[in-house]
Amino acid sequence: WQGFSGSYGRYFRSVGRPAKPTRLMVGLHYLRHVHDLTDDQVLAQWIENPYWQYFCGFREFQWNRPVEADTLRRWRARIGTEEYTSLLGRLVQAGLEAGALPAKHP
C-alpha cells in the first residue's frame, strides 16, 4: 500500500481539503474493476461488506459511504487513463504474487 501512496500521492497537493487515503481510493477502484461495477454500485456494496472495508484500510465497520461517486470519477480523471491502467495492472500483479488471485482466470 505504501508503494501506491508514493506513486499516486504526487497528484494531490497538501493545500486545501486533505486527500482521501490512497489505500481507500486504490482499494475501491480495484473492487470496482474486479467486480465490473459502477462507482455507485461499488460504494453501495462497500457499505454492506466488512471484508471490502477492511481491504480498504478500515478497522471498524462503517455505516456510511467513505466518498461520493463523483470523488471516484475525479480521482480517476486526476491520475489519467494511462496511470489508471497501470494501477490496475499493478494491483493484479500484486494479487498474483501474494497468491490471492489464481494464475489463470476461468
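These values consider heavy atoms only, across backbone and side chains, with no hydrogens, waters or symmetry-generated copies. Residue numbers start at 1 and run along the sequence shown.
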Engineer: With a 4.5 Å heavy-atom cut-off, do L37 and L31 have their side chains touching?
Structural biologist: no
Engineer: I want to check something: taking the side chain as every heavy atom from C-beta on, are W46 and Q53 in contact at a cut-off of under 4.5 Å?
Structural biologist: yes
Engineer: In plain terms, say whether D40 and R32 are close enough for a salt bridge, that is, a side-chain N and a carboxylate O under 4.0 Å apart.
Structural biologist: no
Engineer: Would you sort out whether K20 and W75 count as a side chain to side chain contact (heavy atoms under 4.5 Å, CB included), showing the intermediate values?
Structural biologist: CA-CA 10 Å; K20 294 294 182 184; W75 194 86; over 6 Å; no
Engineer: Side chain to side chain contact (heavy atoms under 4.5 Å, CB included) for Q93 and L96? Distances and angles first, verdict last.
Structural biologist: CA-CA 5 Å; Q93 187 60 39; L96 290 169; 4.3 Å; yes
Engineer: What are the two closest non-hydrogen atoms of I47 and F61, and how far apart are they?
Structural biologist: O-CZ, 3.1 Å
Engineer: With the side chain counted from C-beta on, respond yes when T71 and E68 share a heavy-atom pair under 4.5 Å apart, and no when they do not.
Structural biologist: yes
Engineer: Check whether any side-chain heavy atom of L28 lies under 4.5 Å from a side-chain heavy atom of V67, and answer yes or no.
Structural biologist: yes
Engineer: Between the side chains of Q45 and Q41, does any donor sit under 3.5 Å from an acceptor?
Structural biologist: no
Engineer: If we only count heavy atoms from C-beta on, is the V42 to L72 side-chain gap below 4.5 Å?
Structural biologist: yes
Engineer: If you measure from CZ on R73 to CG on D70, what distance do you get to the nearest 0.5 Å?
Structural biologist: 5.0 Å
Engineer: Are S86 and I79 packed together at the side-chain level, in the sense that at least one heavy-atom pair is separated by less than 4.5 angstrom?
Structural biologist: no
Engineer: Looking at R76 and D39, is there a salt bridge between them, counting it only when a charged N and a carboxylate O are closer than 4.0 Å?
Structural biologist: yes
Engineer: Quick check: closest heavy atoms across Q62 and E60, and the distance to 0.1 Å?
Structural biologist: NE2-O, 2.9 Å
Engineer: Are more than 12 heavy atoms from other residues, nucleotides or ligands located less than 6.0 Å from atom OH of Y51?
Structural biologist: no
Engineer: Is the number of heavy atoms from other residues, nucleotides or ligands within 6.0 Å of CG (D36) greater than 12?
Structural biologist: no
Engineer: Just checking Y54 against W52, ring centres under 6.0 Å apart?
Structural biologist: no
Engineer: Do the side chains of P50 and F58 get nearer than 4.5 Å, heavy atoms only?
Structural biologist: no
Engineer: Side-chain contact test, heavy atoms from C-beta onward, threshold under 4.5 Å: evaluate it for P66 versus L43 and give yes or no.
Structural biologist: yes
